[in-house]
Amino acid sequence: QVQLVESGGGLVQAGGSLRLSCAASGRTFSTYTIGWFRQAPGKEREFVAYSTWGGSITAYADSAKGRFTISRDNAKNTMYLQMNNLKPEDTAVYFCAASPIATRNTATFGSWGQGTQVTVSS
């Protein structure tokens, strides 16, 4: 089991930046892949990015490439999602989640954070 605590969401103007944090705990948390997902009203939950704790395996959705970056602070057991050049279409509830394997599939992630709202104004 992995416990996840998220923070960093908020309201930002188009072109601005936010950094989301996902603090992980649990006996074997470091063996899990951490993924970021988002869900906008009326839409399916969408993959954004994932990373292993060592950073050796990473992946980004096409919508995130060039704008979003995953990083980590292993001393703090925290995974970050730096979001730059935000667009109104990035508005969604963002979730971090843990999976035993590196995958884009939502169903593989068994532990989820509470979600944090990101709103990008025009």
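Count residues from 1 along the sequence. Just so it is clear, the model here is predicted, and its values are computed rather than measured.
Taking 4.5 Å as the limit, some side-chain heavy atom of T116 sits within range of a side-chain heavy atom of L20. You'll find the side chain of S51 reaches within 4.5 Å of the side chain of M79, heavy atoms only. No side-chain heavy atom of T119 sits under 4.5 Å from any side-chain heavy atom of V12. Using a 4.5 Å heavy-atom threshold, the side chains of V2 and W112 count as separate. Side chains of F29 and N77 form a contact here, defined as non-hydrogen atoms less than 4.5 Å apart. Counting only heavy atoms from C-beta outward, the side chains of I70 and W36 approach each other to under 4.5 Å.
When the options T69, L18, V120, V48 are evaluated for a side-chain contact (heavy atoms from CB on, under 4.5 Å) with M83, the one that passes is L18.
Note that CD1 of I101 is 5.0 Å distant from OG1 of T103, once rounded to the nearest 0.5 Å. How far CG of L86 is from OG of S17: 6.0 Å, rounded to the nearest 0.5 Å. Rounded to the nearest 0.5 Å, atoms CZ (F95) and CZ (R38) are 12.5 Å apart. Of the inter-residue distances, the one linking S25 atom OG with L4 atom CG reads 7.5 Å to the nearest 0.5 angstrom. To the nearest 0.5 Å, the span separating OH on Y60 from CG on L81 amounts to 7.5 Å. The structure places CZ of R104 at 10.0 Å from CZ of F37, a figure rounded to the nearest 0.5 Å.
A salt bridge does not link K87 with D90: none of the charged nitrogens is closer than 4.0 Å to a carboxylate oxygen.
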Take R72 and T78 through the test side chain to side chain donor-acceptor pair (under 3.5 Å) and record every step on the way to the result.
-> CA-CA 6 Å; R72 67 212 59 79; T78 300; over 6 Å; no
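Scanning all heavy atoms of the two residues, the minimum distance from T108 to P100 falls at O-CD, 3.6 Å. The shortest heavy-atom contact between A40 and A92 is N-CB, 3.9 Å.
Residues F109 and Y50 keep their aromatic ring centres 6.0 Å or farther apart. You'll find the ring centres of W53 and Y32 outside the 6.0 Å limit.
Side-chain heavy atoms closer than 4.5 Å link hydrophobic residues (I, L, V, M, F, W, Y) into clusters, and following such links, possibly through other members, connects F68 to V118.
With hydrogens and angles ignored, the 3.5 Å screen pairs a side-chain donor or acceptor of R67 with a backbone N or O of N85. Here the side chain of T58 pairs no donor or acceptor atom with the backbone of G55 at under 3.5 angstrom. Judged by distance alone, the side chain of Q114 and the main-chain N or O of E6 form a donor-acceptor pair under 3.5 Å. Judged purely by atom type and a 3.5 angstrom limit, Q82 has no side-chain atom pairing as donor or acceptor with the backbone of S71. Counting only distance, with no hydrogens or angles, the side chain of D73 and the backbone of A75 share a donor-acceptor pair below 3.5 Å. With S111 contributing its side chain and Q3 its backbone, the two residues share no donor-acceptor pair below 3.5 Å.
Counted by atom type alone, R19 and Y80 present zero donor-acceptor pairs between their side chains at under 3.5 Å.
Heavy atoms of other residues, nucleotides or ligands lying less than 6.0 angstrom from CD of Q13 number 12 at most.
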